[in-house]
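Counting starts at 1 for both ligands and their atoms, following the listed order.
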Amino acid sequence: MGDALPINVDLVNDDTDVVNPWTVTSKSDSGVDYDKLIKRFGSSRIDESLLTRLENVAGKPVHPLIKRGIFFSHRDLHTLLNMKEAGQAFYLYTGRGPSSESMHVGHLVPFIVTKWLQETFDVPLVIQMTDDEKTLWKDLTVEQSMNMARENAKDIIAMGFDVNKTFIFANLDYMGRCSAFYQNIIRIQKCVTFNQVKGIFGFVDSDVIGKIGFPAAQAAPAFSTTFPFIFGNDVLPVLIPCAIDQDPYFRMTRDVAPRLGFPKPALLHSSFFPALQGAKTKMSASDENSAVFLTDTPKQIKNKINKHAFSGGRPTLEEHRELGGNTDIDVSYQLLRFFLYDDDKLESIRIAYSKGQLLSGELKKIAIETLQSIVSDHQNRRKDVTNEILEQFMAPRKLNYNFKEIKSK
Ligand code: TYM
């Protein structure tokens with residue numbers, strides 16, 4: 001199947017799992033079947049040999065989110081590493097659809113790995129805020145979405161991105177500042193038919209027309225000429241880290257790229273941080289109780305996890321001590337897999353819980369403390385992100401790179 005644009009709506013859903021940019025659900029307690037999804041989407045598994053290669057090129061151990069298989073799938077990462085080894089430049093592209101004032105901890109996942117990649121390979125990064133997408137899909141006005149884009153961008157900045165190497169833009173604002181963006185959108189829209197977007201995204205006749213054209217706006221930043229003030233006319237390859245729900249956009253982009261003279265974007269796909277209620281859905285900003293938000297107080301985090309975090313423990317203390325808990329479905333344990341980077345500590349928790357030595361309440365307490373510390377550290381950094389700093393990140397400008405030099409290395 002590869003990247004060929006499907007005109008078969010069955011590719012959008014299957015019997016047990018629905019994975020698209022707007023909905024992630026599974027009928028199975030252990031969540032989405034990622035092996036099946038890789039086959040359905042036509043991407044590739046990140047296997048041991050690719051991990052080793054990535055470590056060799058990076059010159060250091062890969063980030064735990066990659067090492068632990070949370071980033072599990074890719075497209076063309078080998079090709080990108082070949083180029084990197086040949087001394088060619090590339091850039092990173094990722095994004096956020098601002099649908100709530102605050103992001104949740106699941107949203108941090110692609111940004112954590114993006115930051116690791118940027119620091120490791122010392123490459124420029126562009127971050128798209130799709131306030132247009134959220135206006136079209138949610139009950140939000142243009143003004144509300146634009147405001148959320150700015151608030152969410154501050155959360156992203158608070159993660160510690162380097163202003164000299166990072167450009168953040170919100171579509172509803174950037175479209176008016178840079179005509180190259182709209183020109184590339186039109187080039188892309190000219191290559192994709194209504195039938196094809198119906199097949200990729202499942203659009204139906206009653207969808208507003210803005211939705212049908214929108215995918216081109218998420219595709220355009222994968223082409224370097226969308227940012228003439230950074231890249232001039234140079235055509236650079238791009239690597240896009242995201243959760244796999246965003247893949248439909250980039251399947252379309254990869255199909256169009258060669259026809260417009262651009263390399264196909266490479267992708268690194270993450271699995272989903274589960275909803276607190278369990279892996280049948282992903283943590284989502286649209287469901288307040290499913291998520292721990294970056295604005296939550298320590299008390300809210302404690303209450304949410306104690307009340308809602310699905311437990312893999314046994315119904316009675318005796319059974320738990322005898323049979324042990326199931327870490328595969330336990331949300332508090334999954335939370336630690338995503339956010340506790342001390343491998344030895346994580347493994348000892350896994351063993352103790354599986355043997356019934358550690359109780360569900362005790363595991364929840366560790367998860368609560370881990371998240372409280374991540375969220376409060378984030379809030380401390382977020383306090384210092386002023387409007388002025390935000391403007392610096394969002395100003396179209398040269399980034400701190402000399403691409404000609406990199407190319408001729
Ligand atoms: P959005 O705002 O839904 O999500 C932002 C990023 O977070 C990922 N994500 C998750 N990752 C792990 N666990 C979860 N529970 C979870 N929920 C969301 C998403 O895959 C995404 O990477 N249309 C996009 C915004 C966008 C974009 C991009 C994303 C524009 N350009 C390029 C990635 C790459 C959106 O609404 O993302």
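In this structure, Gln218 CD and Phe250 CZ are separated by 4.5 Å, a value rounded to the nearest 0.5 Å.
Of the protein's heavy atoms, Gln246 OE1, 3.1 Å lies nearest to atom 24 (C) of ligand 1. In this structure, the protein non-hydrogen atom closest to atom 28 (C) of ligand 1 is Gln218 NE2, 3.4 Å. Looking only at heavy atoms of the protein, atom 7 (O) of ligand 1 is closest to Pro110 CG, 3.4 Å.
In summary, the side chains of Ser311 and Lys364 do not present any donor paired with an acceptor at a separation below 3.5 Å, with no hydrogens or angles considered.
Residue contact check: Met283 has heavy atoms under 4.0 Å from atoms 15 (N) of ligand 1. For ligand 1 and Gly106, the ligand atoms under 4.0 Å from any heavy atom of the residue are 10 (C), 11 (N), 12 (C), 13 (N).
The neighbour count for Asn289 CG, taken as heavy atoms of other residues, nucleotides or ligands under 6.0 Å away, is above 12.
Closest of all the heavy-atom pairs between Ser102 and Asp155 is CA-OD2, 4.2 Å.
Below 30°, between 30° and 60°, or above 60°: for Tyr174 and Phe227 the angle between ring planes is below 30°, a parallel geometry.
For atom 31 (N) of ligand 1, the nearest non-hydrogen atom from the set Phe250, Phe338, Tyr93 belongs to Tyr93. Between Tyr249, Trp137, Phe273, it is Phe273 that holds the heavy atom closest to atom 15 (N) of ligand 1.
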